[in-house]
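Since the structure comes first, as structure tokens, the remarks are kept for the end.
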Amino acid sequence: MRIIEQCCRGKHTDQTLNEDGLFVSDRFAAVVDGVTGKSVRHPWDPSGGVVAKDAMLDVLASLPADAGMRDVQCLVDERFRAAYQAHPLGPSFFEHEPLERLQANAVVYSASRGEAWLFGDCQIMVNGVQTPTLKKVDELLGDLRSFAAQALRLMEAGKQRDAEGEQDNTLDNVGDAGDAGTAETAAGTRMPPNDPAREMILPFLRLQSQFANRRGEYGYFVFDGFTDPTYPIQVVPVRPGDEVVLASDGYPLLAPTLDGSERELERLRREDPQLIREYRSTKGFTAGLKSFDDRTYLRFIA
């Protein structure tokens with residue numbers, strides 16, 4: 001494969017906290033996205049997402065050239081289970097507490113097999129055509145956070161109108177800056193220093209783990225050491241000469257080039273910093289962070 005461009009950037013200034021990972025070898029290319037934790041016990045240092053990402057990168061580095069999709073799944077499960085076995089809380093704790101497990105998504109391209117495997121909601125685009133990976137549960141919780149954020153905005157506007165003696169019952173005249181107490185970045189984008197709407201949906205974000213690796217309307221695949229070995233994984237054919245983009249969901253509007261994806265990200269930051277309108281997410285841009293999420297992008301010719 002011939003690499004055209006690549007990028008892996010954490011949302012924090014301290015890049016050791018980056019939960020995204022990028023892997024390229026002669027036989028494989030992969031983008032790994034460690035899941036942002038909603039933990040109550042915080043058993044992993046510095047975070048479950050970082051530990052899961054690092055563990056998966058180690059697995060990818062040791063893969064035999066002819067490894068298949070189920071081989072990858074099995075080896076990652078084994079690695080995560082070994083981490084649970086070595087943890088002071090013990091494997092039984094993680095078996096019964098899915099919220100506290102290591103979790104990661106990935107898209108893995110195999111040059112020898114001429115295909116890419118979508119383990120979860122990482123993204124792929126082949127010759128400009130993207131394969132949909134949005135989870136039903138993420139769509140639901142993104143809508144719920146949008147609902148909460150817009151309701152909070154109306155409540156704040158109502159308080160202001162009461163104080164000023166005005167009457168206006170529409171949302172259109174309420175500023176998009178959102179929550180009280182916004183901060184302005186160097187680029188001039190105003191963003192809330194915290195995210196009360198996300199705090200409101202946090203109990204539901206934690207409930208989401210009950211659907212991990214289950215079938216059904218809200219079920220979804222995620223590497224956590226307890227995956228279903230027969231779970232349907234999307235397989236995308238890749239032919240020699242195809243132009244391929246692999247990315248994490250830190251690029252919510254994926255483009256055929258890195259520059260195009262970055263420009264779309266900046267446009268969202270300007271026009272919808274809370275991510276509650278055009279792209280409804282479970283978290284928005286926050287003052288002091290480089291983006292709303294870690295982000296990784298790889299473009300190559302197969």
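In this text, all values refer to a predicted model and were calculated from it rather than measured experimentally.
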### Task
For the pair Phe119 and Phe221, name the ring-plane relationship: parallel under 30°, tilted 30 to 60°, perpendicular over 60°.
tilted
### Query
In Å, rounded to the nearest 0.5 Å, how long is the span from CE of Met200 to CG of Leu205?
12.5 Å
#### Entry: Gap separating the CG atom of Leu102 from the OG atom of Ser47, nearest 0.5 angstrom
9.5 Å
### Query
Is the closest basic N to carboxylate O distance between Glu100 and Arg206 below 4.0 Å?
no
### Task
For the pair Arg214 and Asp228, evaluate side-chain contact (heavy atoms from CB on, under 4.5 Å) and give the outcome as yes or no after the intermediate values.
CA-CA 8 Å; Arg214 295 183 184 273; Asp228 176 353; over 6 Å; no
### Residue pair Gly284 / Arg145: nearest heavy atoms and the distance that separates them
N-NH2, 3.2 Å
### Message
Tell me whether Asp272 is salt-bridged to Arg277, with the criterion being a basic N under 4.0 Å from an acidic carboxylate O.
### Response
no
#### Entry: CZ/Arg239: more than 12 non-hydrogen atoms of other groups inside 6.0 Å
no
## Note on the structure
With sequence neighbours left out, the residues meeting salt bridge (charged side-chain N to carboxylate O under 4.0 Å, His left out) with Glu278 are Arg267
#### Entry: Validation row: Leu258, Arg299 side chains within 4.5 angstrom (heavy atoms)
no
### Task
Measure across Ala247 and Leu254 and return the closest heavy-atom pair with its distance rounded to 0.1 Å.
CB-CD1, 3.6 Å
### Summary
Interatomic distance, CZ@Phe300 vs CD1@Ile4, rounded to 0.5 Å, equals 9.0 Å
### Test salt bridge (charged side-chain N to carboxylate O under 4.0 Å, His left out) applied to Glu262 and Arg9, step by step
CA-CA 12 Å; Glu262 287 284 344; Arg9 298 173 183 162; 2.9 Å; yes
### Task
Could you tell me whether the side chain of Leu60 reaches within less than 4.5 Å of the side chain of Val32, counting heavy atoms only?
yes
### Query
Do any N or O atoms from the side chain of Ser112 and from the backbone of Ala65 form a donor-acceptor pair under 3.5 angstrom?
yes
### Task
Look at Arg263 together with Glu266 and state whether they make a salt bridge at an N to O cut-off of under 4.0 Å.
no
### Message
List the residues meeting side chain to side chain contact (heavy atoms under 4.5 Å, CB included) with Glu199, not counting sequence neighbours, and say none if there are none.
### Response
Leu202
### Query
When clusters are formed by joining ILVMFWY residues with side-chain heavy atoms under 4.5 Å apart, either directly or through shared neighbours, do Tyr109 and Ile3 land in the same one?
yes
#### Entry: Side chains of Pro98 and Gln210 in contact at under 4.5 Å (non-hydrogen atoms)
yes
### Query
What heavy-atom pair brings Met1 and Ala29 nearest, and what distance separates the two atoms?
SD-CB, 3.8 Å
### Summary
So CZ of Arg270 and CZ of Phe285: to nearest 0.5 Å the spacing works out to 10.5 Å
### Query
Can you find a heavy atom in the side chain of Val244 that is under 4.5 Å from one in the side chain of Met125?
no
### Message
Looking at Cys8, is its backbone amide N or carbonyl O close enough to the side chain of Thr296 to form a donor-acceptor pair, meaning the two atoms are under 3.5 Å apart?
### Response
no
### Worked verdict on Gln73 versus Arg70 for side-chain hydrogen bond (donor to acceptor under 3.5 Å, both in side chains)
CA-CA 5 Å; Gln73 182 181 349; Arg70 295 299 180 191; 2.6 Å; yes
### Message
Any heavy-atom pair between the side chains of Leu265 and Phe292 that's under 4.5 Å?
### Response
yes
#### Entry: Pair Arg198 + Asp195: basic N to acidic O under 4.0 Å
no
### Task
Say whether, by atom type as modelled, one donor and one acceptor occur between the side chain of Ser110 and the main chain of Arg113 under 3.5 angstrom.
yes
### Message
For residues 21-37, which residue pairs pass the side chain to side chain donor-acceptor pair (under 3.5 Å) check, not counting sequence neighbours?
### Response
Glu19-Thr36, Thr36-Lys283
### Query
Any idea which heavy atoms bring Ser261 and Ala255 closest together, and the distance?
OG-N, 3.0 Å
### Donor-acceptor contact below 3.5 Å, side chain Asp294 vs main chain Asn18
no
### Query
Are any of the side-chain heavy atoms of Val222 and Asn105 separated by less than 4.5 Å?
yes
### Task
To the nearest 0.5 Å, tell me how far Arg81 CZ sits from Arg101 CZ.
8.0 Å
### Message
How long is the straight-line distance from CD of Glu264 back to CG of Asp259, given to the nearest 0.5 Å?
### Response
10.5 Å
### Query
Residues two or more places apart in sequence or in another chain: which of them pass ring-ring contact (aromatic ring centres under 6.0 Å, His included) with Trp44?
His87, Phe94
### Query
So, the side chain of Gln123 versus the backbone of Ser248: is there a donor-acceptor pair under 3.5 Å, distance only?
yes
### Task
Mind telling me whether Phe226 and Tyr84 have parallel, tilted or perpendicular rings, with 30° and 60° as the class edges?
parallel
### Query
Closest approach of Val72 and Trp117, non-hydrogen atoms and distance?
CG2-CZ3, 3.7 Å
### Message
Could you check whether any side-chain N or O of Tyr297 sits under 3.5 Å from a backbone N or O of Thr257, counting only pairs where one atom can act as donor and the other as acceptor?
### Response
yes
### Query
Are any side-chain N or O atoms of Lys11 and backbone N or O atoms of Arg295, one a donor and one an acceptor, separated by less than 3.5 Å?
no
### Query
Got a sec: does the OH of Tyr231 have more than 12 other heavy atoms crowding it under 6.0 Å?
yes
#### Entry: Salt bridge flag under 4.0 Å for residues Lys159 and Asp162
no
### Task
For Phe28 and Phe23, run ring-ring contact (aromatic ring centres under 6.0 Å, His included): C-alpha distance rounded to whole Å, both residues' side-chain angles, the deciding distance at 0.1 Å, then the answer.
CA-CA 8 Å; Phe28 296 97; Phe23 178 84; 7.4 Å; no
### Query
Can you name the residues that form a salt bridge (charged side-chain N to carboxylate O under 4.0 Å, His left out) with Asp66, not counting sequence neighbours?
none
### Query
Ignoring hydrogens and geometry, is there a side-chain-to-backbone donor-acceptor pair from Gln6 to Leu298 under 3.5 Å?
no
### Task
Let me see the working for Ile124 and Gln130 under side-chain contact (heavy atoms from CB on, under 4.5 Å), right down to the final yes or no.
CA-CA 6 Å; Ile124 185 170; Gln130 185 175 357; over 6 Å; no
### Message
Applying side chain to side chain contact (heavy atoms under 4.5 Å, CB included), can you list everything that pairs with Arg79, at least two apart in sequence or on another chain?
### Response
Ala55, Asp58, Val59
### Message
Working note: Leu289 + His12, criterion side-chain contact (heavy atoms from CB on, under 4.5 Å); need CA distance, chi angles, decisive distance, verdict.
### Response
CA-CA 6 Å; Leu289 297 182; His12 297 281; 3.5 Å; yes
### Message
How about CZ on Phe93, more than 12 heavy atoms from neighbouring residues, nucleotides or ligands closer than 6.0 Å, or not?
### Response
yes
### Query
Is any side-chain heavy atom of Val108 closer than 4.5 Å to a side-chain heavy atom of Met69?
no
### Task
Specify whether Phe211 and Tyr218 have parallel, tilted or perpendicular ring planes, treating 30° as the upper limit for parallel and 60° as the lower limit for perpendicular.
perpendicular
### Task
Any chance you could lay out the side-chain contact (heavy atoms from CB on, under 4.5 Å) test for Leu63 and Leu75, step after step, and finish with the verdict?
CA-CA 9 Å; Leu63 283 178; Leu75 289 168; 3.6 Å; yes
### Summary
Tightest non-hydrogen contact, residues Ala104 and Ala52, listed as CB-CB, 4.1 Å
### Query
Can you check whether Thr227 reaches Asp224 side chain to side chain, under 4.5 Å on heavy atoms?
yes
